Structures are given as C-alpha cells and as structure tokens.
2 protein chains.
Amino acid sequence: MARKPKETPLVEVFAQNVRRLRMERGLSQEALAELAGVHRTYIGMLERCEKNVTIYNIERLAAALGVAPPVLLTSR
Amino acid sequence: MARKPKETPLVEVFAQNVRRLRMERGLSQEALAELAGVHRTYIGMLERCEKNVTIYNIERLAAALGVAPPVLLTSR
DNA sequence: GTGTGACTAATAGTCCGTC
DNA sequence: AGACGGACTATTAGTCACA
C-alpha cells in the first residue's frame with residue numbers, strides 16, 4: 001500500500017536538504033555562506049531550524065547549491 | 001533545442017501559482033486566507049509580490065490549496 | 001568548522017480602513 | 001471581490017564574540 005505521509009514540517013525538510021546537498025558538494029557552512037552571499041552563522045541557524053527562511057533566501061540557497069528551488073522543499 | 005531559462009524571480013512564480021490555484025478552486029482571497037489561517041489582505045499582498053513569504057506560510061498556503069509545497073515554487 | 005546567546009535593522013504579517 | 005494605504009507588532013535577517 002501507499003506509505004504513511006509522515007508529515008515532517010517543511011522547515012525541517014528544507015534544513016535537511018540544505019545540509020545534505022552542502023555535504024554532497026564537500027562544502028563547509030562557511031563556504032556555502034560565501035557562495036550564497038549570506039553570513040556564516042546564518043547557514044548553521046537554517047540547518048538547525050532556528051530561522052523561518054523566506055522565499056528570497058530559499059532562491060539564493062538553491063542557486064548556490066546548483067539545484068532548482070523546489071528541490072529544497074522536497075522530502076527524499 | 002533546450003528553451004531559454006527565462007529566470008522569473010521565485011516570488012513571482014509563487015505569486016502566480018497561488019493566484020492560479022486559488023482561481024481554479026473558485027476561492028476568493030478572503031476564503032483562501034481563512035483556509036490558510038492568514039490575514040485577508042495578506043493574500044493580496046503575496047499575489048502582488050509585495051511580501052517575501054516565509055517557508056512556514058508557504059507550507060500553510062500549500063495545505064490550504066491542497067498541493068505539495070514544491071508545486072508553489074514550480075514554473076509552469 | 002560549528003553551535004550559541006545577544007544584539008540591531010529590516011521586514012513579515014495583522015488590523016483598521018477607503019476606493 | 002480585490003487593490004491599496006497607514007499604523008502597528010512579531011519575527012526574520014544579518015552580524016558579532018566566544019565557547
């Protein structure tokens with residue numbers, strides 16, 4: 001049968017995707033921050049779900065990670 | 001050949017999707033606002049790209065419209 | 001290289017209206 | 001039904017020093 005939806009909050013899905021994609025590319029939080037044009041500690045805050053990121057920063061992070069924005073909101 | 005990327009800003013893609021999906025469902029801005037638990041005037045602001053929506057509200061809007069969140073960030 | 005608390009500036013989001 | 005404005009509060013954006 002179909003599997004249980006599981007319902008992870010979207011901020012967590014986002015956080016996990018950012019961390020996973022960053023790791024896959026061998027980037028540090030600092031390196032990604034520079035690519036995305038945001039501050040070093042801000043990446044960490046997002047990965048820990050401490051900020052409720054806006055669509056504008058979702059777009060910038062997606063570009064820095066080289067993926068389409070919807071990818072960051074997609075559970076895997 | 002592959003088509004031109006076109007690069008519509010993500011906030012505009014989001015705005016267009018919200019408006020289109022809302023219309024398809026025959027909902028007024030007020031009705032959608034109530035379903036999503038946000039304020040009446042806020043839906044209008046989003047559709048006019050006047051606000052930089054947060055991921056939390058993307059999630060709520062997606063739920064209210066009955067679509068997966070990534071759908072709202074996808075160009076069509 | 002990352003987590004965390006503290007902090008200011010900016011803006012997300014609400015609520016009251018009018019057109 | 002929806003655009004738009006002003007005033008307001010809550011929260012995010014973004015930075016820093018330090019663990």
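Predicted model, so just to flag it, every value in this text is computed and none were measured. Computed from heavy atoms alone, side chains included, the values below leave out hydrogens, waters and symmetry copies.
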Exercise. Are any side-chain N or O atoms of A:Glu59 and backbone N or O atoms of B:Leu10, one a donor and one an acceptor, separated by less than 3.5 Å?
Worked result: yes
Exercise. Atom CD of B:Glu50 and atom P of C:dG13: how far apart are they, to the nearest Å?
Worked result: 14 Å
In a table with atom names and distances, give each donor-acceptor pair under 3.5 Å that connects a side chain of residues 66-76 of chain A to protein atoms at least two apart or in another chain.
residue, atom, partner, partner atom, Å
A:Thr74, OG1, A:Pro70, O, 2.7

Exercise. Contacts to DNA chain C from residues 35-42 of chain B, heavy-atom cutoff under 4.0 Å, which residues?
Worked result: B:Val38, B:His39, B:Arg40, B:Thr41, B:Tyr42
Exercise. Hey, what do you get for CG (A:Leu27) to CD (A:Glu34), rounding to the nearest 0.5 Å?
Worked result: 11.0 Å
Exercise. Can you pull the contact range of chain A along DNA chain D, 5' to 3', using atoms under 4.0 angstrom from its heavy atoms?
Worked result: D:dT12 to D:dC18
For this session: Report yes or no: does A:Asn57 contribute a side-chain atom to a donor-acceptor pair with the main-chain N or O of A:Val53 at less than 3.5 Å?
Result: no
For this session: Give a yes or no on whether the backbone of A:Tyr56 and the side-chain of B:Asn52 come within a donor-acceptor separation of less than 3.5 Å.
Result: yes
Exercise. For A:Arg25, what residues pass the salt bridge (Lys or Arg N to Asp or Glu O under 4.0 Å) criterion, not counting sequence neighbours?
Worked result: none
For this session: Under 4.0 Å from any atom of DNA chain C, heavy atoms only: list the residues of residues 54-63 of chain B that qualify, in numerical order.
Result: B:Thr54, B:Asn57
Problem set entry | Contacts of B:Glu47 that satisfy salt bridge (Lys or Arg N to Asp or Glu O under 4.0 Å) - sequence neighbours left out | B:Arg19, B:Arg22
For this session: Strictly below 4.0 Å, heavy-atom distances to any atom of DNA chain C: list the hits from residues 64-76 of chain A, or just say none.
Result: none
Exercise. Taking five pairs at each end of the helix from C:dT2-D:dA19 to C:dC19-D:dG2, what angle separates the two helix axes (nearest 10°)?
Worked result: 40°
Seminar exercise, completed: Residues of residues 21-32 of chain A with a heavy atom under 4.0 Å from any atom of DNA chain C, listed by number, are A:Arg22, A:Ser28, A:Gln29, A:Glu30
Short N/O separations, protein against nucleotides 6-10 of chain C, under 3.5 angstrom:
none

For this session: Apply salt bridge (Lys or Arg N to Asp or Glu O under 4.0 Å) to A:Arg60 and list each qualifying residue two or more places apart in sequence or on a separate chain.
Result: none
For this session: Supply the atom-to-atom distance B:Glu12 CD to B:Glu7 CD, rounded to the nearest 0.5 angstrom.
Result: 11.5 Å
Problem set entry | Approximate separation, where rounding is to 0.5 Å, of A:Glu24 CD and A:Asn17 CG | 9.5 Å
Exercise. For the pair made of CG in A:Leu46 and P in C:dT2, what is the distance, rounded to whole Å?
Worked result: 14 Å
Seminar exercise, completed: Taken in chain and number order and not counting sequence neighbours, the residues that satisfy side chain to side chain donor-acceptor pair (under 3.5 Å) with A:Gln16 are none
Exercise. Is there side-chain contact between A:Phe14 and A:Val18, with heavy atoms separated by less than 4.5 Å?
Worked result: yes
For this session: Please report the C-alpha distance between A:Ile58 and B:Ile58 in whole Å, then the side-chain angles of each, then the deciding distance to 0.1 Å, and finally whether the side-chain contact (heavy atoms from CB on, under 4.5 Å) criterion is met.
Result: CA-CA 11 Å; A:Ile58 293 174; B:Ile58 292 173; 4.2 Å; yes
Exercise. Do the side chains of B:Ile43 and B:Leu61 get nearer than 4.5 Å, heavy atoms only?
Worked result: yes
Exercise. Distance from A:Arg20 atom CZ to A:Leu65 atom CG, nearest 0.5 Å?
Worked result: 9.5 Å
